[in-house]
Enquirer: 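Take this structure, written in structure tokens, and hold onto it; I'll ask about it next.
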Amino acid sequence: KQEVTQIPAALSVPEGENLVLNCSFTDSAIYNLQWFRQDPGKGLTSLLLIQSSQREQTSGRLNASLDKSSGRSTLYIAASQPGDSATYLCAVPYNNNDMRFGAGTRLTVKP
Amino acid sequence: SQTIHQWPATLVQPVGSPLSLECTVEGTSNPNLYWYRQAAGRGLQLLFYSVGIGQISSEVPQNLSASRPQDRQFILSSKKLLLSDSGFYLCAWSVLGTRVDTQYFGPGTRLTVL
């Protein structure tokens, strides 16, 4: 059974700091991993999708890495801004029709 | 482009009352459809998914049910709500195929059972 864990559960940083969010999964036989952003009371928005053949993906100030053998992924946010405040979730495919999500990391970037 | 709608956005219901949440998708055909529940501080829990009209798979036994009367319509229902049904309900869709690459989420419904 695939289990996804995210550490830390919450993180508060001053504006401008670089930060790393962590995601681990128990079954390394995945074909991709995805990072989502969720604003309070809203749905999920996809940020980055890393295929199993890739080691990282970049979008603007975001960089996600994937190490399948160790069952880990990191989301790196450079030069954080107050607008980055949200909950970040990672997810991996499970069976053929489902995804497994972590509980998320709630990020607060203080001005 | 594809869009996904959910309504209502918020709902407050007494214990024992019925429930009906609706989700519709535009701009795509034959999608996989999903209902998730998100409790405070916890991850998303898959409740139901559907690969076609009238085809519903249940992941978690509970007093909720789902129906797919049309290709792009997914409904979550209950005959009698429990306090434990409170939470944030998300509908999602993915491209029908042999595997899920990504899911696209609706704005969610906040349900409070009193």
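Keep in mind that this is a model prediction, so the values were computed, not measured. Reminder, nothing fancy here: chain letters follow the sequence lines and each chain counts from 1.
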Enquirer: Are Val4(A) and Ile30(A) connected in the hydrophobic side-chain network, where two residues link if heavy atoms are under 4.5 Å apart?
Expert: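 Shared cluster, yes.
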Enquirer: Are Leu21(B) and Phe74(B) co-members of a hydrophobic cluster defined by side-chain heavy atoms under 4.5 Å apart?
Expert: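 Same cluster.
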Enquirer: Looking at OH of Tyr104(B) and OG of Ser46(A), how far apart are the two atoms once the value is rounded to the nearest 0.5 Å?
Expert: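 One gets 7.5 Å once the value is rounded to the nearest 0.5 Å.
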Enquirer: Should Gln38(A) and Leu90(B) count as side-chain neighbours, where that means a heavy-atom distance under 4.5 Å?
Expert: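 Yes, side chains in contact.
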Enquirer: Taking the six-membered ring where the residue is Trp, are the ring centres of Tyr94(A) and Tyr49(B) under 6.0 Å apart?
Expert: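 Tyr94(A) vs Tyr49(B): aromatic centres not under 6.0 Å.
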Enquirer: If you measure from CG on Leu44(B) to CZ on Arg100(A), what distance do you get to the nearest 0.5 Å?
Expert: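 These two atoms lie 11.0 Å from each other.
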Enquirer: Flag yes if more than 12 heavy atoms outside Lys42(A) fall under 6.0 Å of its NZ atom; otherwise flag no.
Expert: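 No, NZ of Lys42(A) has 12 or fewer neighbouring heavy atoms, counting only those of other groups under 6.0 Å.
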Enquirer: Treating Ile, Leu, Val, Met, Phe, Trp and Tyr as nodes and any side-chain heavy-atom pair under 4.5 angstrom as an edge, say whether Leu64(B) and Val12(B) lie in one connected cluster.
Expert: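 No, no single cluster joins them.
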Enquirer: Are Val13(A) and Tyr76(A) co-members of a hydrophobic cluster defined by side-chain heavy atoms under 4.5 Å apart?
Expert: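 Each belongs to a different hydrophobic cluster.
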Enquirer: Atom CZ of Phe101(A) and atom OH of Tyr36(B): how far apart are they, to the nearest 0.5 Å?
Expert: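 That separation rounds to 4.5 Å.
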Enquirer: Measuring heavy-atom distances to chain B, does Leu44(A) have an atom under 4.5 Å in its side chain, in its backbone, in both, or in neither?
Expert: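 Both backbone and side chain.
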Enquirer: Tell me whether Arg55(A) at atom CZ has more than 12 heavy atoms from other residues, nucleotides or ligands lying less than 6.0 Å away.
Expert: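 12 or below, so no.
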Enquirer: Side chains of Gln38(B) and Thr87(A): does their closest heavy-atom pair fall under 4.5 Å?
Expert: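 Of all side-chain heavy-atom pairs linking Thr87(A) with Gln38(B), none is under 4.5 Å.
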Enquirer: Just give me the residue among Ala10(A), Gly102(A), Gly41(A) that pairs up with chain B most often, heavy atom to heavy atom, under 4.5 Å.
Expert: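 Of Ala10(A), Gly102(A), Gly41(A), Gly41(A) has the most heavy-atom pairs under 4.5 Å with chain B.
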Enquirer: Has Leu82(B) got more than 12 heavy atoms of other residues, nucleotides or ligands less than 6.0 Å from its CG?
Expert: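 Yes - once you tally the heavy atoms of other residues, nucleotides and ligands closer than 6.0 Å, there are more than 12.
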Enquirer: Heavy-atom pairs under 4.5 Å with chain A: which of Ala92(B), Gly108(B), Pro107(B), Ala9(B) has the most?
Expert: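 With the most close heavy-atom pairs to chain A, the winner is Pro107(B).
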